[in-house]
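Below is one structure, written out as C-alpha cells; the observations come after it.
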Amino acid sequence: MNKTGIGQRVRRLEDPRLVHGKSRYIGDIKVAGMRDVAFLRSPLAHALIKGVKKPAGYENQVICAEDLNGVRPIRAESTLPSFRNSEQWPLAKEKVRFAGEPIVMCIARNRAEAEDLVELVEVDLEALSPVITPDQAKDNKGDRLHEHWPDNMFLDFTIGKDMPDIRDRADVVVKREYDTGRQVMNPMEGKGVVAWWDSQAEQLIVNTSTQVPHLIRSGLADCLGLSPDLVRVITPEVGGGFGYKCVLQPEEILVAWLAYERRGAFRWLEDRREHLTAGANTREHHYSVTAYADKRGRLLGLDAEVTVNVGAYSVWPFTAGLEAAQAGGNLPGPYAFDHYRCHVMATASNKPPFTPYRGVARPGVCFAMELTIDAIARAVGREAWEVRAENLVPAASMPYQNVTNKQYDSGNYPESLRLAKDAIRFDEVRQRQKTPEPDGRLIGVGFATFTEQSAHGTQVFAQWGLPLVPGYDEARIKLTPDGGVEVAAGIANIGQGIQTTLAQIASEILSIPTDRIRVSLGDTTTTPFSTGAYASRGIVMSGGAVSRAAEGLAERIRTLAAHRLECNASEIRLEDGEIHGPNGTLGFNELAISWYRRPDQLPAGDGNTGLEYTAFYKPRVDTGVFSYATHAVVVSVDPQTGKTELLDYAITEDCGRIVNPMIVDGQAIGGTAQGIGSALYEEVIYDERGQPLNSTLADYHLPGAAEVPHIRVQHMETLSPHTAHGIKGVGEGGAIAPGGAVINAINDALSAMGVEISRIPATADHVLQAIERRKTQKTLTSQHSSEEQQNEARAV
Ligand code: MCN
Ligand code: SMO
C-alpha cells in the first residue's frame, strides 16, 4: 500500500515551517531601499472631492488620482441581464463612494512616517446623501452612486415563472423574510503587497498575498496598461484568503504602479483597522420567501426574492453580480421540487465593495432554505428532519438535474441527514427536552443540509457573465537527478493544504513518497497557468492536472526503464518507491541518472523521453461537481440573556474521493468555525451616514476557542463520475451550513415560547429582543406569530 498516496492521513508538508514561524509572508520580505505607503481614506461614505492639498515640500511623496499617469480604472463588467457596470479608480477621482476608500497615497521610509504624512494632507469633501440599505437603493430617492445610472441597482432580473396552479394546490403556504448581516473575512494575515522593478529580468515583480496570482497578473497588466510579460506575480505564504484575496485590489495596483514608475521597491501592509473598515465586505443578503407545500410538507414550489447589498463597486474579476446570481441559482439547495421563481437584485450602496467569501452566496441561501424547511415542518406538525428527508433529492435519482438546471452528479443526501441525526443522538435530545433544565436554559436541536457546487467550469462562469472565465489548469512535473519529484502548479497555497494533497496525488501515481516531492506554487514565471484557488476548485483542477502530468511522467519512466530492465514498457510497474520489471528492479535515482548523467544508457534515437512533463486538465463537464453535507447541532439558549451555547456539533460530509481525510476534517471544522461566526457573532455595523462602527476586533466579534465546540466529522465517499479519481472540492462547505443549523436549533429551543429568529448573526441581544418582543405581543394578542410580523404560516 502507498502510505502517502490518495486517501492517506499524511501530515501536512507545510506545517513544520508554519508552526515554527519559519515561513515567508509578505510582511517578512525585506528589500533594500524599500518604502512603505499609507493611505488617506475617505472619512465620508458619499461625497464629492472638491480639492486635495499636498503639504509643501512633500509633493513627490503624496500621490492623488491625477498623478496616476497610465493607470486605468478597475472595470468588472458582467454580461448578466440588466447588469450595470461601475468604474473604480484605484485612488478616488472626483467622488468617494464609501468610508475608507483611498483618496491619497503617501510614501515614506516606513509606515509610521507615511501615516504622519497622511495627517498633513488636506482633502476638501462635499457630502452627498449616502445610500446604506437595500431599501434606500430600491427607493432611488437619494443621490446616485454612479451618476450615469438611472438608479442604484447593479442587477435586477427574475429567474423562472409565476406558479398560480401551485398556489391553488398547496395545502400549506409559508412566508418568511430573512436577513444575513454584513461581514468582513478576517484572515489572520491581512492583505499585503511588495513590488519592485527587476532590472535584470526587466520585469515588474509583484509579491502579493493572493489566491489567484495568474489572474492578478492579467488584472494588473490591464490596469497599468502594460503587456503581461512585463509583470511577474509571486505569491509567498498566504495567511488565509477566504475569498478576500481572490480579487484585484486598488492598493495592489497602486503599489505596483509606484514600483514601475519609480523603478524602486514599495510596500503596503493592510492593518486590522483598514481590513475591518475599508476591506472588502460580504454576506449582506435579504430574502423574501414564499414556500408552497402539501400537507406532509413536501415542497411544491418556491417563490422568492433575494437582494444582495453589494456596496460601491464591481470587483474584478468576480463582479458585483456573481453573489446575487449565484444566490438565485442555488436557493433550491439539495431539494427536489419543480416550480421556482426568484427575483434577483444587487443593490449599490456606500459601503466597501463586496467580495466572495467562503461559501459565496450559499451560506445565505442555505440559511434561508433551511429555515424555510423547518417552518414548513412546524406548519404541518412534523419533525423537521422528516420533512427535510422527504424533500431531499433521493439517491436513486442521481444524477439529478434540479429546478435551476444544476447537475447534481452523485451522492446520497438523505443518508447524510440520517447519519448526522444519529451522530447528534437526536432521540436523546428530544428525551432531554421533556424535562426542564435546572438552570432554566432551553435546549434545541437543528439541522442544515446543503450542496456545495465545486469546480464549476468554463460554461458556468461564462453564464455568470464574468469578464474572465476559467478553463484548464496546468501542472508540470519532473523527476529530479536524485530520483525525487518536482511539481509546479500555478494555484496558490492559502492554508488549505494543497501543497500536501498535490504531492499525494503525484505519489499515488508514481509511488514516490511525499517527502521526496517538492511542490512549488503560485508564481507566474516559475509555475504553469492556473486561475487559482477559489470556488473550491483547487483540488479538482490542479489535482487533476498533477494527476495527468504524473501519468505522463510515469509513461516516460516506463519507456526508459524498459530499456534498462530489458523488457516491454507495459511490463514495468511503479511500486513501493521503485521501478519493477520482470527481470529486475531500479531505483528512481538510478533511472534519473541515465537521463541526467549517463545518456549513453538511454535507448538509441529516442528523442521524446525527457523526464519532465506538462499536462492540462479540466473535468469532463463544466457544470461542477457537487459535494454535500448535513450539519447537526444541539444548542442551549438562556432566555434571561439571549445567549446561545453550542453543546454538540456533528457533520456528515461527502466530497467524493478524499485525498487527505485529516485535511478535509480541518477544512470542514475551520469553515464551520467561520460559519458559527456568521451565525452568532460577526457583523460590520454602519450608522445611517455609512460610518463603520466596529473598527477593532474588540467590537467586531470573532468566535474563539470558547465559542467553537468540539466538532465531529464523519465522511461519506461517493465518487464523482466527472473528475480525476472521483474527487470533489470541499474548501467552502463548512462555512455554508452553520447559519441554518444553529438558528434552526435556536428556533427549536424557543418553539414553546413561539419565538422564531430569522436574522443572523443571532447575537444574544438579538435573541433577547425577539423574546421580549414576543412577550409583549403575547400580552397584546394570544395569536401565534413569529419574530417579524410579516412572517406567517397559514393553512389553507
Ligand atoms: N481536499 C482533499 N480531498 C478532497 C477535497 C479537498 O484532500 N476530496 C483538500 C485539499 O488539500 C484541498 C483542500 O482540501 O486543497 C480544499 O479543497 P478545494 O475545495 O479544492 O479548495 P481549494 O484548494 O480551491 O481552496 C480554496 C477554498 C476556498 S474557495 C476558500 S474560500 C477557502 C478554502 O478553500 N479558503 C481557505 N479553505 C481555506 N482554508 C484555509 N486554511 N484558508 C483559506 O483561506
Ligand atoms: S470564497 Mo473562495 O475564495 O471561492
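As the structure lists them, so they are numbered: ligands from 1, and atoms in each ligand from 1. What you see is a predicted model, and the numbers here were worked out from it, not measured in a lab.
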Subject >> Gly240 touching ligand 1 at heavy-atom level, < 4.0 angstrom >> reply: yes
**OP:** Starting from atom 21 (O) of ligand 1, locate the nearest protein heavy atom and write down its residue, its atom name and how far away it is, to 0.1 Å.
**Re:** Ser536 CA, 3.6 Å
Original post:
Can you find a heavy atom in the side chain of Pro661 that is under 4.5 Å from one in the side chain of Arg9?
Top reply: yes
**OP:** Could you list the atoms of ligand 1 found under 4.0 angstrom from a heavy atom of Arg358?
**Re:** 31 (S), 32 (C), 33 (C), 37 (N), 38 (C), 39 (N)
**OP:** Report, in ascending order of atom number, the atoms of ligand 1 lying under 4.0 Å from any heavy atom of Gly538.
**Re:** 20 (O), 22 (P), 23 (O), 24 (O)
**OP:** Please identify which atoms of ligand 1 are closer than 4.0 Å to at least one heavy atom of Lys728.
**Re:** 4 (C), 5 (C), 8 (N)
**OP:** Determine, stepwise, if the pair His285 / Phe367 fulfils ring-ring contact (aromatic ring centres under 6.0 Å, His included).
**Re:** CA-CA 10 Å; His285 294 199; Phe367 173 65; 9.9 Å; no
**OP:** State whether the number of non-hydrogen atoms from other residues, nucleotides or ligands found under 6.0 Å of Phe616 atom CZ is greater than 12.
**Re:** no
Original post:
Does ligand 2 have any atom sitting under 4.0 Å from a heavy atom of Phe242?
Top reply: yes
Original post:
Does ligand 2 have an atom under 4.0 Å from some heavy atom of Ala535?
Top reply: yes
**OP:** Measure the distance from atom 1 (S) of ligand 2 to every protein heavy atom, then report the residue, atom name and distance (to 0.1 Å) of the closest one.
**Re:** Arg358 N, 3.2 Å
**OP:** For Ser314 and Ala320, indicate whether the former's side chain and the latter's backbone hold a donor-acceptor pair under 3.5 Å.
**Re:** yes
**OP:** Return the orientation label for the Tyr628 and Tyr413 ring planes: parallel under 30°, perpendicular over 60°, tilted otherwise.
**Re:** tilted
Original post:
Would Lys245 and Glu270 pass as an ion pair if we require N to O under 4.0 Å?
Top reply: no
**OP:** Go through ligand 1 atom by atom and flag the ones less than 4.0 Å from a non-hydrogen atom of Cys655.
**Re:** 4 (C), 8 (N)
Original post:
Heavy-atom contact under 4.0 Å between Gly656 and ligand 1?
Top reply: no
Original post:
Is Gln211 in polar range of ligand 2, meaning some N or O pair under 3.5 Å apart?
Top reply: yes
Original post:
Should Gly670 be listed as contacting ligand 1, given a heavy-atom distance under 4.0 Å as the test?
Top reply: no
Original post:
With a cut-off of 4.0 Å, which atoms of ligand 1 are near a heavy atom of Gly729?
Top reply: 19 (O)
**OP:** Count the heavy atoms of every other residue, nucleotide or ligand shown that sit under 6.0 Å from OH of Tyr472, and state whether that count exceeds 12.
**Re:** no
**OP:** Establish, yes or no, whether a centroid distance under 6.0 Å links the rings of Phe450 and His631.
**Re:** yes
Subject >> Option among Thr307, Thr180, Asp179 that satisfies the side chain to side chain donor-acceptor pair (under 3.5 Å) test with His286 >> reply: Asp179
Original post:
Which of the atoms of ligand 1 are close to Glu732, meaning less than 4.0 Å from one of its heavy atoms?
Top reply: 28 (C), 29 (S)
Original post:
So between Arg657, Gln496, Gln211, whose heavy atom ends up nearest atom 23 (O) of ligand 1?
Top reply: Gln496
Original post:
For Pro356 and ligand 2, does the shortest N/O to N/O distance drop below 3.5 Å?
Top reply: no
Subject >> Protein heavy atom at shortest distance from atom 1 (N) of ligand 1 >> reply: Val664 CG2, 3.7 Å
